[in-house]
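Comments concern the structure below.
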Amino acid sequence: MEDSTGSNPQSPGFTEKLKSWLSWSWTYVCFLWFGMVLIMLYVLWSPLKLQETLTSASVFLNTLTPKFYVALTGTSSLISGLILIFEWWYFRKYGTSFIEQVSVSHLRPLLGGVESSSTTGLFSSVNGDAEPRPSVSECKVWRNPLNLFRGAEYNRYTWVTGKEPLTYYDMNLSAQDHQTFFTGDTQQLRPEDAVSLDDHLLTVMQKAWRERNPQARIRAAYQAIEINHQCAAAYVLLAEEEATTITEAERLFKKALSIAGKDINLLVYIKRRLAMCARKLGRIKEAVKMMRDLMKEFPLLGMLNIHENLLEALLELQAYADVQAVLAKYDDISLPKSATICYTSALLKARAVSDKFSPEAASRRGLSTAEMNAVEAIHRAVEFNPHVPKYLLEMKSLILPPEHILKRGDSEAVAYAFFHLQHWKRAEGALNLLHCTWEGTFRIIPYPLEKGHLFYPYPGCTETADRELLPSFHEVSVYPKKELPFFILFTAGLCSFTAMLAMLTHQFPELMGVFAKAFFSTLFAPLGFFADKMESFMPSSFWHQLTRI
């Protein structure tokens, strides 16, 4: 590779110069080409007998029957319709026009255009500081910190509505999580039978997590308990999926905790779910204490986002000073953000001014410092996740949150609003302030989303992941709304126009034939007019010598 690249070091520079020259001279080349075409038409007018050709074309057009025009317009309508169908399919799948994609990717670089991928300033913030490009991790799917219980909550929804609130993709991710968390649970056996029973129990539990049918998972869990009565992971599965009430789920989790041993993953999972059971059963202070103890005991497990459970429980207690203390620790510039962090911060600042906020009064006197801080916090939250306000303002109906969420996506918005809508309603005037200010965010962010204002540009991968995480009966929120490309609108108009011509030609063949002949006659007439004018401007000797050459 070194030899091949080093043998011609000037080739890249020559190519760039050639592209630059072509781009600069393109306009002049077009004019020159058009002039040469006109001159060649006149020069070859007599040698090629173009006048006779035009006359023959006119005679040919006069001899065409209406059937020809019907076939012509029908074929044109069919071809334009096929192009429209393909363009629409490509747009629905990839979000862009195929024709535009080809022109931008292949034709524009040849003409000296700047490719968007090579632009260095696309991901810079408004103050000029460069921000990192969105990486693959920004579209990573995360475990929902407040995911519901399948048996006691998700299954109840299915029994009442007949709809499945969880997608197979979402449940498959959960199965993978469980296999990762609980593989160490089989070390509770006696040393003499650890070799055989350990492998068998591990196989049974792995099969239990992978089973798609809930009853099959439950049967596998009971089978694991028969093999080893100290299998805590099996009791976890029964608490998640067989228990039909939160009270029953809490009893099974306590049983699993008593036999969990020293498996850290298993201990953290069980204690967290027990805290969530206490929260759902109204024992809020107990739940807060359990969450705080869990965060102190395992400080390195911040990736599990236990602080989001704590924030929601503290909001339920209306312990706003404690909420602010948690935010001060986790709303740090070096830590990843979430809708819970951003919108909880906005709620606290909005709560301080929302009870006396009036849009009319604010427009007359201007915003106070506290009101400006609240508005800026709302703008910050909306920029991070623009899907949340419509759920909080009840402009869009809520569904049960999925077990996994995509940060900045519709799935995260559903999960946040499902648990936090009540807290916004409790703060008097907070939703009114949100309603009056949230749309102002989009005037701050450049469009198309080449830059971010406070965060990196909104990632374009959220819609695809959200459609896999959220059930089919839910209308996925998309931001920004994709506008139909020009070529889809153009082909739609072309298809409609040609279809109309085909229909008119079929219904009135004689009349449309007259219009077609008149159109072609008008089209070819300027050629003869141009030849006559050129001959009057130039001496005949010049044209005679030119034609001889």
Side-chain angles (χ1 to χ4, degrees), residues 143-175 177-179 181-182 185 204-205 207-260 266-284 286-287 290-291 309 312-313 316 398-405 414-415 418-419 422 469-471 473-474:
R143 182 82 173 178
N144 182 4
L146 293 106
N147 65 300
L148 303 177
F149 294 86
R150 286 191 186 176
E153 293 173 304
Y154 286 120
N155 285 350
R156 284 180 173 273
Y157 178 84
T158 303
W159 296 338
V160 173
T161 65
K163 297 179 180 178
E164 290 290 343
L166 299 176
T167 64
Y168 176 69
Y169 175 73
D170 191 15
M171 292 190 292
N172 186 51
L173 290 176
S174 297
D177 293 340
H178 293 151
Q179 291 181 71
F181 288 160
F182 306 139
D185 179 47
V204 171
M205 285 309 302
K207 179 183 177 182
W209 298 123
R210 288 196 302 266
E211 285 286 354
R212 187 170 183 177
N213 184 279
Q215 296 303 319
R217 289 195 293 270
I218 294 172
R219 287 195 299 269
Y222 277 114
Q223 182 182 356
I225 293 175
E226 290 178 1
I227 298 174
N228 177 23
H229 294 289
Q230 303 298 311
C231 181
Y235 287 101
V236 168
L237 190 149
L238 295 178
E240 291 284 355
E241 306 214 18
E242 188 186 37
T244 56
T245 63
I246 300 299
T247 303
E248 185 180 356
E250 184 180 38
R251 179 184 62 81
L252 289 169
F253 275 122
K254 288 181 178 179
K255 173 68 175 177
L257 181 63
S258 65
I259 58 176
L266 193 58
L267 286 172
V268 172
Y269 185 93
I270 295 173
K271 289 182 178 181
R272 180 181 193 165
R273 296 304 263 178
L274 281 172
M276 294 176 69
C277 288
R279 162 67 182 90
K280 292 176 185 293
L281 293 173
R283 306 195 305 269
I284 314 299
E286 179 185 345
M290 294 174 68
M291 293 172 189
N309 300 81
E312 196 280 326
E316 181 64 21
L398 272 172
I399 60 171
L400 295 186
E403 293 183 336
H404 289 79
I405 59 174
V414 169
F418 184 87
F419 294 102
Q422 57 182 334
L469 289 172
L470 296 169
F473 57 82
H474 173 72

Report summary line: When rounded to the nearest 0.5 Å, the distance separating CZ of Arg217 from CZ of Arg210 is 12.5 Å

Query raised in the report: Minimum heavy-atom separation for Ala256 to Ile270, with atom names?
Result: CB-CD1, 3.7 Å

Query raised in the report: Roughly how far, to the nearest 0.5 Å, is CD1 of Ile218 from CD of Glu242?
Result: 5.0 Å

Report summary line: Closest heavy-atom pair, Ala208 versus Ala220, reported as atoms and distance to 0.1 Å, is CB-CB, 3.4 Å

Query - Side chains of Ile399 and Phe418 in contact at under 4.5 Å (non-hydrogen atoms) - result: no

Query raised in the report: Does Arg273 make a cation-pi contact with Phe149, if we ask for NZ or CZ under 6.0 Å from the ring centre and within 45° of the axis?
Result: yes

Query raised in the report: What do the steps show when you test Glu312 against Arg279 for salt bridge (charged side-chain N to carboxylate O under 4.0 Å, His left out), and what is the final call?
Result: CA-CA 10 Å; Glu312 196 280 326; Arg279 162 67 182 90; 2.9 Å; yes

Query raised in the report: What's the shortest heavy-atom distance between Tyr154 and Pro401, and which atoms?
Result: OH-O, 2.5 Å

Requested in this report: Answer whether the closest heavy-atom distance between the side chains of Leu400 and Arg156 falls below 4.5 Å.
Outcome: no

**Report entry** Gap separating the CD atom of Glu240 from the CZ atom of Phe253, nearest 0.5 angstrom
**Finding:** 4.0 Å

Requested in this report: Report the C-alpha distance between Ile227 and Tyr222 in whole Å, list the side-chain angles of each, state the deciding distance to 0.1 Å, and finish with yes or no for side-chain contact (heavy atoms from CB on, under 4.5 Å).
Outcome: CA-CA 9 Å; Ile227 298 174; Tyr222 277 114; over 6 Å; no

Query raised in the report: Once you round to the nearest 0.5 Å, how far does OH of Tyr169 lie from OG of Ser174?
Result: 11.0 Å

Query - Stepwise side-chain contact (heavy atoms from CB on, under 4.5 Å) test for Asp177 and Trp209 - result: CA-CA 9 Å; Asp177 293 340; Trp209 298 123; over 6 Å; no

Query raised in the report: How long is the gap from CG on Asn147 to CG on Asp170, to the nearest 0.5 Å?
Result: 9.0 Å

Query raised in the report: Does the side chain of Leu469 reach to within under 4.5 Å of the side chain of Ile405, using non-hydrogen atoms?
Result: no

Report task. Check the pair Arg150 / Glu241 against salt bridge (charged side-chain N to carboxylate O under 4.0 Å, His left out), numbers first and verdict last. Result -> CA-CA 5 Å; Arg150 286 191 186 176; Glu241 306 214 18; 3.1 Å; yes

Query raised in the report: With distance as the sole test, does Asn309 use its side chain to make a donor-acceptor pair with the main-chain N or O of Arg272 at under 3.5 Å?
Result: no

Query raised in the report: Do His178 and Met205 come within less than 4.5 Å of each other through their side chains, counting heavy atoms only?
Result: no

Query - Considering all heavy atoms, the nearest Ala232-Ala260 contact - result: CB-CA, 4.0 Å

Requested in this report: Work out which heavy atom in Asn144 is nearest to a heavy atom in Pro402; give both atom names and the distance.
Outcome: ND2-O, 3.0 Å

Query raised in the report: Roughly how far, to the nearest 0.5 Å, is CG of Leu148 from CG of Asn155?
Result: 11.0 Å

**Report entry** Side chain to side chain, Glu403 and Leu173, heavy atoms closer than 4.5 Å
**Finding:** no

Report summary line: What one should report as the nearest heavy-atom pair of Ile284 and Ala313 is CG2-O, 3.5 Å

Query raised in the report: Any Lys/Arg nitrogen of Glu250 or Lys280 sitting under 4.0 Å from an Asp/Glu carboxylate oxygen of the other?
Result: no

Requested in this report: Compare all side-chain heavy atoms of Glu153 with those of Ile246 and state whether any distance is below 4.5 angstrom.
Outcome: yes

Query raised in the report: Under the side-chain contact (heavy atoms from CB on, under 4.5 Å) criterion, do Leu238 and Ile225 qualify, and how do the steps go?
Result: CA-CA 11 Å; Leu238 295 178; Ile225 293 175; 3.7 Å; yes

Query raised in the report: How about His474 and Val414: do any of their side-chain heavy atoms sit closer than 4.5 Å?
Result: yes

**Report entry** Thr158 side chain reached by Pro165 side chain, heavy atoms, under 4.5 Å
**Finding:** yes

Query raised in the report: Between Met290 and Lys271, does a side-chain contact (heavy atoms from CB on, under 4.5 Å) hold up when you go through it step by step?
Result: CA-CA 7 Å; Met290 294 174 68; Lys271 289 182 178 181; 5.6 Å; no

